[in-house]
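Here's the structure, in structure tokens; my notes come after.
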There are 2 protein chains.
Amino acid sequence: MITIKEIARLANVSSATVSKVINGKDRYISEETRKRVLEIVEREGYIPNGIAKSLKMKRTKTIGIILPDVMNLFFSEVAKGAEDAAERKGYTVILCNSDNSKAKEGKYINILQEKMVDGIILTASEAETSKYLERCNIPMVLVDRDLELEKPVGRIVVDNVEGTYKATNYLISKGCKSIGFVSSQEVNKLAKERLLGYKKALRENGMEIDPNKIFLKSFTVETGYEGVYHLFNQGHVDGICCGNDLIAIGVIQGLKEKGISVPEEVKIIGFDNICIGKYLDPPLTTVRQPIYKLGEEAVNVLISIIEKKDIEMVKVLDTEIVVRASA
Amino acid sequence: MITIKEIARLANVSSATVSKVINGKDRYISEETRKRVLEIVEREGYIPNGIAKSLKMKRTKTIGIILPDVMNLFFSEVAKGAEDAAERKGYTVILCNSDNSKAKEGKYINILQEKMVDGIILTASEAETSKYLERCNIPMVLVDRDLELEKPVGRIVVDNVEGTYKATNYLISKGCKSIGFVSSQEVNKLAKERLLGYKKALRENGMEIDPNKIFLKSFTVETGYEGVYHLFNQGHVDGICCGNDLIAIGVIQGLKEKGISVPEEVKIIGFDNICIGKYLDPPLTTVRQPIYKLGEEAVNVLISIIEKKDIEMVKVLDTEIVVRASA
DNA sequence: ATTTCTTAGGTAAACGTTTACTCTCATATT
DNA sequence: AATATGAGAGTAAACGTTTACCTAAGAAAT
């Protein structure tokens, strides 16, 4: 690899001059020299060594994004939103899959610090701990899954209570009298909030909260599938509010197996609006989260923190019901 | 941030000694000194500066992965496979979405070179060019979409001709007499090969190749949807071989709208076996590619090249028909 | 008694940039 | 005539590591 010194030698100038030309700090460089240097840079195919630059400048123009699993439709959309926004601002992103493991999450936080990333976007793993996080002094933005932390971090979330509250109310407005809830266990704030919204809606409508109609395991298709069997063993429902769309997929599958028609016998509403929802059968009615924007805003806020523009650190994005055919 | 020099000062040794201890090159370090240094490292929460290390060592333990779009179920699985494999080998991955744009792809190749990644995994954008690529002298592995290149690169692909050949034969074995093909335009080798396999199967079975039964646009749900209308305007088919699963999703949706039943009236087979296929209605019969493994092997081969173990540079992975309900 | 080997650890260059200073003219100002 | 200003470019330190080479001292071998 050819270096700046080599270019300098070929152009008969000092490396300082080459550096200035390349970086546009050419106020005191003659047009002639500038041209000559640029020509040689072009001809030799010189590519600046970003590592050396980062060492000197103490910034890498790189951010890390830690999320449970990019194969998950939700997180891949967050990742895309984040990467797109980063690219627009001249940053590059390192992708880290935590597989919902605290250990892996901690390991990555460490690696990212070693790699001197300028900031980190984190969708925390499910179990709530913050040991690793508190002692990391790189700018950080939490997205989707919020967390109680001492240190100041950005947060991009939606109002989850409101989301399931609206969803449940929607089912009620459609005439459901007995509504079940299938979601993840209350291991984190997000899961707690979604359960809360469901209960709140029932309570406000004078409907009984029946533990037998609540099935909590994890945010997966399998949970939805199991949930159906659980709910229908315990009795009967005519509507199911799902903790997310993956669960809704499993629920619909389970109901099909049981020969129960959606939405005629049981109405289903999901949460997230993942991109595949509209191709399901029936197309999924759901609570839309602006997933892509979640990633985008996370990067915007993170870069504001990095570049020390001060800006609102917390953004609560809006949810909205997307009516399709499942409810 | 505390540096190695600071640690050295606190431990009353030279920074060389600290470096040796940290990196386990401690053959000539007394146990006493080793302990003392390690304790101070721990106590002070020292994190090595990977950038400085990379500059000196001329390697970053980072690889770049360029793919069209992580939001696409296929590529997100490739990405996951790649990231998992990289993590196991102590590498970190920079994620780049090309959005199928040559310009963006070229830009990223450049950025990755500046960031001094040790290697690049590339799923080329659709249009075939290699200008940028030929002049990049970083180890590279092509995955999924193969490309003619002068320079030596790794390649991880499946036999696409065989894939659609098997798929079409499967439809024929199920009694289809008139088989359509909906796929992407022949902009790259992959698309060409898939079309070839379809034609080959028809030819070998003495069936006519009818251009009206072939609709080529892009590898998207929309193309599948449009394809149905195109095919049924031109006449009638009783089986459709799809260039990938996303197209199959669109095809099924289009057929539903037309009130045509799958698989009774028209049988559908996809390609890829994306994770959502089994939850479709009807569950999608498809040609399975080992998508996750594609990413995994890409990283394995790439790292072998980087670390100069020599190894087979080209891997052709197997496909297999996954029978579900759509055909 | 001299040489050689081994253990323990230090010195300082090098990796490829950026940038605060410095230097030299030439021109403008007093 | 002396001084200030500005254009144009160079010098060298610094960023935080790693590592080839050096030193010193004690043990072992000759």
Practice prompt. Output yes when a side-chain donor or acceptor of B:Asp69 lies under 3.5 Å from a complementary backbone atom of B:Met71, and no otherwise.
Written response: yes

Fill in: First of A:Lys58 and A:Ser14 reached from the 5' end of DNA chain D, by closest nucleotide
A:Ser14

Worksheet item: If you look at every strand shown and take non-hydrogen atoms under 4.0 Å, does A:Asn12 touch a base, only sugar-phosphate, or nothing?
Response: sugar-phosphate

Worksheet entry | Gap between atom OG of A:Ser19 and atom CD1 of A:Ile7 - 0.5 Å precision | 12.5 Å

Discussion item. For C:dA8 and B:Tyr28 - does any side-chain N or O of the residue sit under 4.0 Å from the phosphate oxygens OP1/OP2?
Written reply: no

Worksheet item: Is it the case that more than 12 heavy atoms not belonging to A:Arg135 sit under 6.0 Å from its CZ atom?
Response: no

Fill in: First-last contacting nucleotides on DNA chain D - partner chain B, under 4.0 angstrom, heavy atom
D:dG16 to D:dT19

Discussion item. Classify B:Ile29 by what it touches in the nucleic acid, base, sugar-phosphate, or nothing, heavy-atom distance under 4.0 Å.
Written reply: sugar-phosphate

Worksheet item: How would you label the contact of B:Ser30 with the nucleic acid (heavy atoms, under 4.0 Å): base, sugar-phosphate, or nothing?
Response: sugar-phosphate

Practice prompt. Can you tell me the distance, in whole Å, between the NZ atom of A:Lys25 and the C1' atom of C:dA20?
Written response: 12 Å

Discussion item. Counting only heavy atoms not in B:Lys293 (residues, nucleotides, ligands), do more than 12 fall under 6.0 Å from its NZ?
Written reply: no

Fill in: Other residues, nucleotides, ligands: >12 heavy atoms within 6.0 Å of B:Glu31 CD
yes

Worksheet item: Can you check the B:Arg34 CZ to C:dA8 P distance for me, whole Å?
Response: 12 Å

Item to complete: Could you check whether A:Lys20 gets within reach of a base, just the sugar-phosphate, or nothing at all, counting any heavy atom under 4.0 Å?
Response: base

Worksheet item: Judged by atom type as modelled, is there a donor-acceptor pair below 3.5 Å linking the side chain of B:Glu105 to the main-chain atoms of B:Ser125?
Response: yes

Worksheet item: Closer than 4.0 Å, any side-chain N/O of A:Ser19 to the OP1 or OP2 of C:dT19?
Response: no

Response to the item:
Sorted by chain and residue number, the side-chain hydrogen bond (donor to acceptor under 3.5 Å, both in side chains) partners of A:Asp99 (sequence neighbours excluded) come out as A:Lys104, B:Lys80

Discussion item. Take a 6.0 Å sphere around NZ of A:Lys151 and say whether it holds more than 12 heavy atoms from other residues, nucleotides or ligands.
Written reply: yes

Worksheet item: With distance as the sole criterion, is a donor-acceptor pair present between the side chains of A:Tyr108 and A:Asn97 under 3.5 Å?
Response: no

Practice prompt. Return the residues of residues 35-54 of chain A meeting this criterion: a heavy atom under 4.0 Å from some atom of DNA chain D. Order them by number, or give none.
Written response: none

